[in-house]
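Notes follow the structure.
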Amino acid sequence: MSTASAAAARPAAAPSLTGVFVRLKLSLLRNGLRQSTGRTLAYVASIVVGLLFAGAVVLGLTALRGNAHAGALAVLLTGMLTVGWAVMPLFFPGSDETLDPTRLVMLPLRPRPLIVSLLMASLVGIGPVVTLMLVAGAVIAVADGALAAVVGVVAAVLVLLVCVALARAIATASVRLLTSRRGRDLAVLGGLFIALGGQGVNIAAQRLGRPDGLSVLEPLGEVLRWVPPASALGAVDDAGHGAYGRALAGLALTALALALLLWWWQRTLTALMTSPDSSTLQALEKDGARRSGGERGLARLLPDGRTGTVMRRSLRYAWRDPKSKMAWATALGVGLLVPIATSAQGNGSMYTAFSASALLGAQMYNQFGQDTSAFWMVASTIATPRDAYQELRARALTLALVAVPYVTLVVVGAAALIGPWSDFVEVYGLSLAVLGALLATGAMSSALFPYSIPSEGNKNVAPGQGAIAWFSLFGGVLVAAVLCSPLVALTVWLHVAGLHQLLWVLLPAGAVYGVGLAEAGLRVAAPRVATRLPEILGAVSKG
């Protein structure tokens with residue numbers, strides 16, 4: 001057989017798996033941008049913003065060269081980047097389709113070359129570029145000398161690989177969760193956690209802006225410099241100061257972390273691609289067991305009849321509907337965050353605890369719009385003002401079931417963190433009155449100014465109803481403030497008159513006044529709901 005014939009008989013060499021996956025990632029990006037002009041503009045804008053942000057941070061880190069505390073800041077920045085990469089696939093599972101390895105289950109691919117290819121493909125994108133820029137800026141800030149610069153190049157590569165491998169491994173280990181309803185709920189709550197973390201970063205930045213503010217990072221930096229991959233940045237700092245043994249240990253720790261991540265990723269990927277997905281059957285079995293066992297937990301304590309039915313329905317909406325869950329989570333999180341943030345900044349006041357009752361009381365507004373297209377079934381059960389009253393009362397009781405313990409917790413926490421405890425009674429009484437006033441005005445607003453909430457997308461108001469939504473909320477809040485003015489006037493008078501020993505009256509007065517306002521609001525709103533039911537149904541159904 002001739003040489004040409006032998007060459008023709010040999011099978012063609014298989015293309016590089018890494019090249020295939022890199023081209024696949026580029027194709028996904030290109031095809032995604034072709035879907036719409038808006039998506040293209042958003043992606044380009046994100047690139048510009050990301051690069052500008054990274055460039056500004058790099059300039060700031062470069063200006064810190066020679067600072068005695070630059071090493072602590074560098075390892076802290078690396079730790080924050082690592083945490084960001086770790087939580088990214090949990091909160092934003094739909095941001096990258098290549099994060100779902102279940103799409104590759106039917107392909108004849110071995111795990112070891114597969115993870116190498118996926119790792120290389122994951123380096124394509126704005127996230128890795130911004131991360132590399134930030135790490136490079138941290139290296140510039142701490143590298144002192146040629147050897148430290150060489151160590152810095154190795155450290156930057158290791159940090160980037162650890163961050164990407166960590167995100168991939170976590171996404172693979174939790175892919176069953178991320179593709180389920182619970183995973184989507186977790187993604188919805190991601191924005192709340194980002195807001196809380198952003199507030200924490202804001203507080204930390206304010207403290208760092210003080211004279212010698214970077215010195216407060218030294219204790220944390222001494223710990224983080226031995227935690228990979230921040231240990232790689234610590235190695236750069238150590239190499240610049242001649243501590244070569246410590247530098248080698250820091251690089252070794254990060255390399256070991258990368259090896260362990262790849263090993264864990266390979267094991268989870270193998271298990272995922274060779275084991276059946278029985279999550280649906282397990283969920284079905286659990287649901288069957290729950291049905292056979294009847295109502296459990298809090299549902300067993302709710303009253304019978306229409307009140308209990310409406311309360312169970314409202315609680316299920318708050319737990320299962322993504323938009324309802326996001327609204328509740330935002331109110332609970334921000335209401336707790338405001339006193340903590342002001343306390344951390346050193347200028348807090350006990351009266352910031354009003355945020356808890358204000359944000360939760362606002363959940364009473366547009367009650368029927370929150371039902372979206374399912375409201376027609378509720379409307380079919382309302383024939384008289386009494387039916388409407390029972391419906392509104394049950395919804396208000398559901399809100400109070402969560403709001404009263406929560407407001408109590410926030411006011412107690414504010415008294416402990418901010419103080420003084422002598423203000424607890426009046427703040428707690430006023431908070432209960434504010435909650436009752438918002439329940440009353442929320443019921444009236446739901447009857448007079450209903451609007452539709454689209455079930456799909458990120459909008460909370462249907463097109464053309466924005467003015468109604470704003471007037472409903474801010475008008476109702478203004479009326480609630482007027483309704484609370486007698487109790488506020490009583491509080492001011494007791495302080496001005498020096499009758500501090502009588503301030504305890506504000507607690508029972510606020511509780512009774514709040515309950516009275518809520519009951520009056522429900523009774524005034526109920527007849528209007530019954531008579532305006534067709535208009536409410538039409539307004540709610542527009543989206």
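Residues that satisfy the side chain to side chain donor-acceptor pair (under 3.5 Å) test with Q367, not counting sequence neighbours, are R395. Partners of T82 according to the side chain to side chain donor-acceptor pair (under 3.5 Å) rule, which considers only residues two or more places apart in sequence or in another chain, do not exist here. Listed by chain and number, the residues in a ring-ring contact (aromatic ring centres under 6.0 Å, His included) with Y406 amount to none (sequence neighbours excluded). Partners of T309 according to the side chain to side chain donor-acceptor pair (under 3.5 Å) rule, which considers only residues two or more places apart in sequence or in another chain, do not exist here. For P405, the side-chain contact (heavy atoms from CB on, under 4.5 Å) criterion is met by no residue, not counting sequence neighbours. With sequence neighbours left out, A54 forms a side-chain contact (heavy atoms from CB on, under 4.5 Å) with V130, M133, L134. By the side chain to side chain donor-acceptor pair (under 3.5 Å) test, R313 is found to be paired with E391, residues two or more places apart in sequence or in another chain being considered.
Put simply, the side chain of S314 does not reach to within 4.5 Å of the side chain of Q370, judged on heavy atoms. Put simply, the side chain of W328 reaches to within 4.5 Å of the side chain of L360, judged on heavy atoms. Looking only at side-chain heavy atoms (C-beta outward), V310 and T398 stay at 4.5 Å or farther from each other. Within the 4.5 Å cutoff, no side-chain heavy atoms of L397 are placed close to those of L401. Counting only heavy atoms from C-beta outward, the side chains of W264 and I170 approach each other to under 4.5 Å.
Distance check, rounded to the nearest 0.5 Å: CG of L490 to SG of C484 gives 12.5 Å. L502 contributes atom CG, which lies 9.5 Å from atom CG of L506 (distance to the nearest 0.5 angstrom). To the nearest 0.5 Å, atom CE of residue M80 and atom CH2 of residue W85 are 15.5 Å apart. For the atom pair L64 CG and L59 CG, the distance stands at 11.5 Å (nearest 0.5 Å).
Under the side chain to side chain donor-acceptor pair (under 3.5 Å) criterion, the residue pairs touching residues 470-480 are S445-S472, with sequence neighbours excluded. The stretch residues 370-402 participates, sequence neighbours left out, in these ring pair (Phe, Tyr, Trp, His ring centres under 6.0 Å) pairs: F368-F375. Screening residues 498-516 for side chain to side chain donor-acceptor pair (under 3.5 Å), with sequence neighbours left out, gives no hits. For residues 495-518, there are no salt bridge (Lys or Arg N to Asp or Glu O under 4.0 Å) pairs, not counting sequence neighbours.
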Donor-acceptor list for residues 425-442 side chains, cut-off 3.5 Å, not counting sequence neighbours:
residue : atom : partner : partner atom : Å
E426    : OE1  : Y351    : OH           : 2.4
E426    : OE1  : H495    : NE2          : 3.1
E426    : OE2  : H495    : NE2          : 3.0
Y428    : OH   : T408    : OG1          : 2.5
S431    : OG   : V427    : O            : 2.7
T441    : OG1  : Y365    : OH           : 2.6
T441    : OG1  : A437    : O            : 3.0
T441    : OG1  : L438    : O            : 3.4

Criterion side-chain contact (heavy atoms from CB on, under 4.5 Å) on D387 and R306, from CA distance to verdict
CA-CA 9 Å; D387 295 335; R306 180 177 187 130; 4.1 Å; yes
Would you sort out whether V135 and T131 count as a side-chain contact (heavy atoms from CB on, under 4.5 Å), showing the intermediate values?
CA-CA 6 Å; V135 176; T131 301; 4.3 Å; yes
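Proximity of a side-chain donor or acceptor of D423 to a complementary backbone N or O of A415 within less than 3.5 Å is not detected. The backbone N or O of M364 lies less than 3.5 Å from a partner atom in the side chain of S446, making a donor-acceptor pair. A donor-acceptor contact shorter than 3.5 Å is absent between the side chain of T78 and the backbone of A230.
In this structure, V75 and G234 approach most closely via the heavy-atom pair CG1-N, 3.7 Å. For the pair A331 and Q363, the tightest heavy-atom approach, listed with the atom from each and the gap, is CB-NE2, 3.7 Å.
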